[in-house]
Amino acid sequence: MLISPADRQMALQLLAEAVEAGARRHKATEILGLSKRTLQRWNKADASLVDRRTVRTHLPANKLSEADRQQVRDIANSEAFSSLSPKQIVPALADRGEYIASESTIYRILREADLMHHRGRTAAPVARPAKPEGFCATAANQVWSWDITYCASALRGVFYYLYLIMDVYSRKIVGWEVHETESADHAATLVRKACLAEQVQEDQVTLHSDNGSPMKGAVMLATLQKLGVAPSFSRPSVSNDNPYSEALFKTFKYRPDYPAKPFADIDTLRQWVHGFVQWYNHEHRHSALQYVTPMQRHTGEDIVLLQQRTAVYAQAKANKPERWSGDTRDWSHDNEVWLNPSQGQANDEIQMKKTA
């Protein structure tokens, strides 16, 4: 432990005052935590009270060189990755057979370079009551979630309506349509098309939605009964009961290329949604799916892909073991997805992930 000259001078002054007041020198020295030899050295006539001990600086063995750090900055600022977070950059590089650094290392380097900036327009989360009874999906086309969102038109006060169905297990958009009105007829038609496209059998799918009139209309309910699709509904005025659709609409409206101005006409909106669905299903690396695309998850390709990532990390650790203080990243496949799990189910799922 290094003691500054000022602290040394204060210690000598306190010791002198204690001895002058009648205290025994060695007792006062013990109270100050000083040894007899240290006190003798400090009391030398030629002592400057400057600690002459040298301090050796230890550099961690896994510390990145400046060239490696510059490579991280260059990759993060490149056209391909400039709009992605480190959590998305790392798996993307792993799919190319490359390992540069972990997410935490990239975050640290970007923060030090003042390259971390919040780009979103998100609002603070709002606490809601406990969720209702949930469903567990262990494969594609077991649990679907759907909803309708408003899209502004060029005419003030007039909106277009995007109907969208997604698979909870894979997050794939399995059906969508854009209409000028909200109706149970449009919703029923969309469900029939989605079931046909996904070749859904009777009593195979549970369709979850909120309590809007298109969701609970007579035509819609009759169509679900005819198709053998089990309906499920959220509690009124609670958006958290339909979290997957709400999250998807957030992704939809906060895309960097989402138009800042209202859509000129319904065909323009349909064209934009078509491009979004293609990107979301086939290109978007979903954070809840170990950063694979919904289509890869839907078709089961993600299992092989995650195994390949595991091999890339194992090879990276073998090449430079000094950069690893523990196990490599867990790229294991999660085969259970819950829609509105109970508190006990949610805790069990979190515990399983911690011990996996």
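Numbers here simply count residues along the sequence, with the first being 1.
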Q: Check whether any side-chain heavy atom of Lys87 sits under 4.5 Å from a side-chain heavy atom of Ser287, and report yes or no.
A: no
Q: Report whether Val219 and Val191 are members of the same hydrophobic cluster (ILVMFWY, side-chain heavy atoms less than 4.5 Å apart, transitive linking).
A: no
Q. Any side-chain heavy atom of Met166 within less than 4.5 Å of one from Trp146?
A. no
Q. Relative to each other, are the rings of His284 and Trp279 parallel, tilted or perpendicular (30° and 60° limits)?
A. tilted
(Q) Between His286 and Val292, is the side-chain contact (heavy atoms from CB on, under 4.5 Å) condition met? List the steps. (A) CA-CA 6 Å; His286 204 293; Val292 300; over 6 Å; no
**Q.** N/O donor-acceptor pair under 3.5 Å between Gln142 side chain and Thr138 backbone
**A.** yes
Q | Heavy-atom pair of closest approach, residues Gly175 and Leu190 | A | C-CD1, 3.7 Å
Q: Kindly determine whether Tyr313 and Trp331 satisfy ring pair (Phe, Tyr, Trp, His ring centres under 6.0 Å), including the steps that lead there.
A: CA-CA 9 Å; Tyr313 270 58; Trp331 289 111; 5.7 Å; yes
Q: Answer yes or no: are there more than 12 heavy-atom neighbours, outside Glu30 itself, under 6.0 Å from its atom CD?
A: yes
Q: Verify side-chain contact (heavy atoms from CB on, under 4.5 Å) between Trp144 and Lys172, making sure each step is shown before the conclusion.
A: CA-CA 10 Å; Trp144 287 356; Lys172 176 190 174 184; over 6 Å; no
Q: For the residue pair Ser245 and Ser145, confirm or rule out a side-chain donor-acceptor distance under 3.5 Å.
A: yes
Q) Same cluster for Met295 and Ile303 if Ile/Leu/Val/Met/Phe/Trp/Tyr side chains link at under 4.5 Å? A) no
Q) Pro214 pairs by side chain to side chain contact (heavy atoms under 4.5 Å, CB included) with which of Glu182, His186, Met220? A) Glu182
Q.
Please check if the number of heavy atoms outside Glu283 that lie under 6.0 Å from its CD is greater than 12.
A. yes
Q. Nearest heavy-atom pair of Ala18 and Ala28: which atoms, and what distance?
A. CB-CB, 4.2 Å
Q) Hey, does the side chain of Glu202 reach the backbone of Val229 with a donor-acceptor pair shorter than 3.5 angstrom? A) no
Q | Salt bridge present between Glu112 and Arg73 (N-O < 4.0 angstrom) | A | no
(Q) Does Lys317 have more than 12 heavy atoms from other residues, nucleotides or ligands lying within 6.0 Å of its NZ? (A) yes
Q: Indicate whether any N or O donor in one side chain lies under 3.5 Å from an N or O acceptor in the other, for Thr181 and Ser183.
A: no
Q. Would you call Lys193 and Glu177 a salt bridge, taking side-chain N to carboxylate O under 4.0 Å as the test?
A. yes
**Q.** Side-chain H-bond candidate by donor/acceptor type, Ser234 with His208, under 3.5 Å
**A.** yes
Q) Taking all atoms of both residues into account, what is the closest heavy-atom pair of Ser332 and Leu306, and its distance? A) O-CD1, 4.0 Å
Q. Is the side chain of Gln204 donor-acceptor paired with the backbone N or O of Val143 at a distance under 3.5 Å, no angle test?
A. no
Q) Do other residues, nucleotides or ligands put more than 12 heavy atoms under 6.0 Å from Glu17 CD? A) yes
Q: Go through the steps for Arg171 and Val337 under the test side-chain contact (heavy atoms from CB on, under 4.5 Å), then give the verdict.
A: CA-CA 10 Å; Arg171 310 304 201 277; Val337 179; 3.7 Å; yes
Q. Say you draw a straight line from OG of Ser104 to OH of Tyr107; how long is it, rounded to the nearest 0.5 Å?
A. 10.0 Å
Q: Apply side-chain contact (heavy atoms from CB on, under 4.5 Å) to Ile109 and Leu64, showing your working.
A: CA-CA 10 Å; Ile109 293 174; Leu64 268 67; 4.2 Å; yes
(Q) If you compare all heavy atoms of Pro86 against all heavy atoms of Pro91, which two are closest, and at what distance to 0.1 Å? (A) O-CD, 4.5 Å
Q. What pair of heavy atoms forms the shortest contact from Glu79 to Ser82, and how long is it?
A. O-OG, 3.7 Å
Q) Do the numbers put Arg255 on top of the ring of Phe276, so that NZ or CZ is under 6.0 Å from the six-membered ring centre and no more than 45° off the axis? A) no
Q | Spacing of Met215 atom CE and Asp210 atom CG [to the nearest 0.5 Å] | A | 4.0 Å
Q.
Let me check something: do Val277 and Leu196 share a hydrophobic cluster, defined by ILVMFWY side-chain heavy atoms less than 4.5 Å apart, either directly or through other members?
A. no
**Q.** Residue Gln201 excluded, over 12 heavy atoms near CD under 6.0 Å
**A.** no
Q. For the atom pair CD (Glu180) and CG (Leu269), what is the distance rounded to the nearest 0.5 Å?
A. 10.5 Å
Q) For the atom pair CG (Leu164) and CD1 (Ile148), what is the distance rounded to the nearest 0.5 Å? A) 10.5 Å
Q. Are side-chain N/O atoms of Gln296 and Asp302 paired as donor and acceptor at under 3.5 Å?
A. no
Q | Tyr280 side chain near Pro294 side chain, heavy-atom distance below 4.5 Å | A | yes
Q) Taking the six-membered ring of Phe233 as reference, does the NZ or CZ atom of Lys216 fall below 6.0 Å from its centre and within a 45° cone about the axis? A) yes
(Q) Side-chain heavy atoms nearer than 4.5 Å, only ILVMFWY residues, links allowed to pass through others: does that put Ile31 and Leu34 together? (A) no
Q. Are a donor atom and an acceptor atom from the side chains of His298 and Glu198 found within less than 3.5 Å of each other?
A. yes
Q) Do Gln271 and Asp267 have side-chain N/O donor and acceptor atoms under 3.5 Å apart? A) no
Q. Is the closest side-chain heavy-atom distance between Tyr244 and Asp167 below 4.5 Å?
A. no
**Q.** Trp272 side chain reached by Phe263 side chain, heavy atoms, under 4.5 Å
**A.** yes
Q) Is there a side-chain contact between Arg192 and Thr189 (heavy atoms, below 4.5 Å)? A) yes
(Q) For His274, is the NE2 atom crowded, meaning more than 12 foreign heavy atoms sit under 6.0 Å from it? (A) no
Q) Quick one: do Leu248 and Leu162 end up in the same hydrophobic cluster if we chain Ile, Leu, Val, Met, Phe, Trp and Tyr together by side-chain heavy atoms under 4.5 Å apart? A) yes
(Q) In the structure I gave you, are the side-chain heavy atoms of Glu246 and Asp147 within less than 4.5 Å of one another anywhere? (A) yes
Q.
Quick check: do Phe252 and Cys151 have side-chain heavy atoms less than 4.5 Å from each other?
A. yes
Q | Expected output: side-chain Arg285 to main-chain Ile89 donor-acceptor under 3.5 Å | A | no
(Q) With no hydrogens and no angle check, just 3.5 Å: does a side-chain donor-acceptor pair link Lys253 and Thr149? (A) yes
**Q.** Interatomic spacing from CG in Leu207 to CG in Leu227 - rounded to 0.5 Å
**A.** 10.0 Å
**Q.** Neighbour count above 12 (heavy atom, 6.0 Å) for Glu20 CD
**A.** no
Q.
Do Trp324 and Asp327 pair up side chain to side chain, a donor and an acceptor below 3.5 Å, judged on atom types alone?
A. no
Q | Salt-bridge contact Glu98-Arg96 (side-chain N to carboxylate O under 4.0 Å) | A | yes
Q: Compare every heavy atom of Tyr169 with every heavy atom of Leu289, then report the nearest pair and how far apart it is.
A: CD2-O, 3.9 Å
Q) With no hydrogens and no angle check, is any side-chain donor or acceptor of Gln88 less than 3.5 Å from a backbone partner on Ser85? A) yes
